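Step one of this worksheet: look at the structure below.
Below, each value reflects all heavy atoms present in this structure, side chains not excepted, and no hydrogens, waters or symmetry copies. So that the names make sense, note that chain A is the first sequence line, chain B the second, and so on, each numbered from 1. A quick note: this is a predicted structure, and the numbers were derived from the prediction, not measured.
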There are 2 protein chains.
Amino acid sequence: MSRPRSFDETDVLEAAIDCFWARGLEATSVRDLAGRMGINGPSLYNAFGDKRSLFMRALEHYAVRSMRERIGRMERLPDPKAAIAAFFGELISASLADPDRRGCLIVNTALEVAPHDPEIAILIAAYLDEIEAFFRRALVRAAAGGDLAPSVEPTDMARLLLGLVIAVRVMARTVSDRSRLDGMVRPILALIQARPDIRTPA
Amino acid sequence: MSRPRSFDETDVLEAAIDCFWARGLEATSVRDLAGRMGINGPSLYNAFGDKRSLFMRALEHYAVRSMRERIGRMERLPDPKAAIAAFFGELISASLADPDRRGCLIVNTALEVAPHDPEIAILIAAYLDEIEAFFRRALVRAAAGGDLAPSVEPTDMARLLLGLVIAVRVMARTVSDRSRLDGMVRPILALIQARPDIRTPA
DNA sequence: TTCGTTTTGTATCGGACGATACAAAAGTCC
DNA sequence: GGACTTTTGTATCGTCCGATACAAAACGAA
C-alpha cells in the first residue's frame, strides 16, 4: 500500500554527505540539500525528520563507507607497520587530491558541531575511538611480532597517530602542500618503522 | 570635531573575539556581536565595515594577544626543550579549563573559513607558519647546544609539533580528557627530551 | 551660537532560513 | 473500481539574517 518513494535512500544520503562535507552543518541549507539530493523539501522532511537528523544519518553513512572501509582495508594488510604507513599515505593523497579541500567529515564535525551538541559529540568521540583503536591494534600486533621498538608504547602512540590524522585533515583544509603534510608524519613513521634490534643511527 | 566614540575599540574587539571564538564566523550573528560588544548594529558597521572585516580584525587581535604572547613568553625561557614542553603544558591546561571548549580561534578558522575564503586562508597559513617557526627555532637552538638527538630533524619535527597543537585543539573541542591529550604529546616530548649521549632505553 | 562632522538610536529593508499546510498523485488492499 | 496510505509538488509560514536610511545627539571649529 501507499505511494512508493521516487528516490534511493543511499543515493540521496551520498548527496547529503557531499553538501555537509564541503560546507558543514550550519552553512548547508535545506534548499541546498534538497537540490543536490534531487528531491523536494517536504520529501526530505518526510524521509529524514529534520536537518539535524539527516546530518546524523549522513555522518553515520560517511563513517561506514569512508572511515571503516579504510580501516578494514588496512587491517587486512599482513604487516601492521606498513598498514599504518599506508593509512597515512592514502590520507595525505586523498586530502591533496580534493580540489574542494573537504578534509574529513568526522574531524570537521568534531570542531564545528561537537562543542554545542552533546549527542553528536558522543558519536564523534566514538568514531575517533575507532581510529585510535585501529592504530593500537596495529601497534600491539607489531610489538607481538617483535617488530616494534620497546620505547614505543602502543596506547600513547595510538593517541598520537589519531592526533596526526586530525592534524593532516585540518592542515589540508588550509594549505595544499605535500611536503608539509609528509614532513609532519615522517618523524613518527620513522619512529614506528625502526626495528628494535637496530640502534637509532647516531 | 565630530562626535566621539562611546566605546573602546580594544574592548569591543575582545568581546567580538569571545563570540567568534565560541561559535565561529557564520554561526555568530551581527546581533550577537553587537549585544556582546555593548554597541548598536549601525555603530558596528560604522566602525568595522561588515561582519567579515570585523572577524579579520578580531582574528588579528587574537593572534597578537594569544598566540604571539605565548610564543614570546616561551621563547624567553632559557631551555628551548623546556619551552616546547611548557608550550604544550599550557595548551592542554588551557584547553581543558575552558568550559565552552572554544579551542583555538586560528585552528577553528582554518577548518571553518579557510577552504572557502582565500584571503583569510592566507592569514591563517601565516599564523600557522609562525607557530611552526617558533618550534623550529627552539629545536635548532637545542641542537646547537648539543641537547637534541641527531635523529630529530628540526624542520620536520617543527611541522609535527604544529600538527600536535592542531590535534590538541581539535580533540579538546570534543572530549575533555587530560590523559588522552597528555598521552598524545608524551611520545613526542620524550623524543625531544632524549639527550643525544644517552641511549634509548632498551 | 551656528556650522560641520561623525556617531548613535530607532526602525526597518529585502532575502534566506528551517519547517509545514494542503491537495494532487501514485501506489496497495478489498 | 473505490477506500486507504504515503509521497510528492506548490505555496507558503514566521523568524532571523546581514546590512541601511534617517534623524537626533554630541563633539570641535568658527
Pick out the pairs of N or O atoms, protein on one side and nucleotides 11-16 of chain D on the other, that lie under 3.5 Å.
none

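If you take CZ of B:F48 and P of D:dA19, they are 14 Å apart, rounded to a whole angstrom. The CD-P distance, from B:E9 to C:dT7, rounds to 11 Å in whole Å. Per the geometry, CZ belonging to B:R5 stands 17 Å off C1' belonging to D:dG28, to the nearest Å.
The side chain of B:S43 places an N or O atom within less than 4.0 Å of a non-bridging phosphate oxygen (OP1 or OP2) of C:dT8.
Summary of the strand contacts: A:D50 and B:L44 both lie near DNA chain C, and taking for each the nucleotide with the nearest heavy atom, the more 5' one is attributed to B:L44.
The aromatic ring centres of A:F55 and A:F48 sit 6.0 Å or more apart.
Under the salt bridge (Lys or Arg N to Asp or Glu O under 4.0 Å) criterion, B:R186 pairs with A:D156, sequence neighbours left out.
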Assign a letter to each nucleotide of nucleotides 25-30 of chain C from its 5' end: B, base within under 4.0 Å of a protein heavy atom; S, sugar-phosphate only; -, no contact. BBBS--
Got a list of side-chain donor-acceptor pairs under 3.5 Å for residues 161-168 of chain B, not counting sequence neighbours?
none

Could you list the donor-acceptor pairs under 3.5 angstrom formed by side chains in residues 122-134 of chain A, with sequence neighbours left out?
{"from": "A:D129", "atom 1": "OD1", "to": "B:R180", "atom 2": "NH1", "distance (Å)": "3.3"}
{"from": "A:D129", "atom 1": "OD1", "to": "B:R180", "atom 2": "NH2", "distance (Å)": "2.6"}
{"from": "A:E130", "atom 1": "OE1", "to": "A:R68", "atom 2": "NE", "distance (Å)": "2.8"}
{"from": "A:E130", "atom 1": "OE2", "to": "A:R68", "atom 2": "NE", "distance (Å)": "3.3"}
{"from": "A:E130", "atom 1": "OE2", "to": "A:R68", "atom 2": "NH2", "distance (Å)": "2.8"}
{"from": "A:E132", "atom 1": "OE1", "to": "B:R180", "atom 2": "NE", "distance (Å)": "2.8"}
{"from": "A:E132", "atom 1": "OE1", "to": "B:R180", "atom 2": "NH2", "distance (Å)": "3.1"}

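Residues from residues 19-28 of chain B placing a heavy atom under 4.0 Å of any atom in DNA chain C do not occur.
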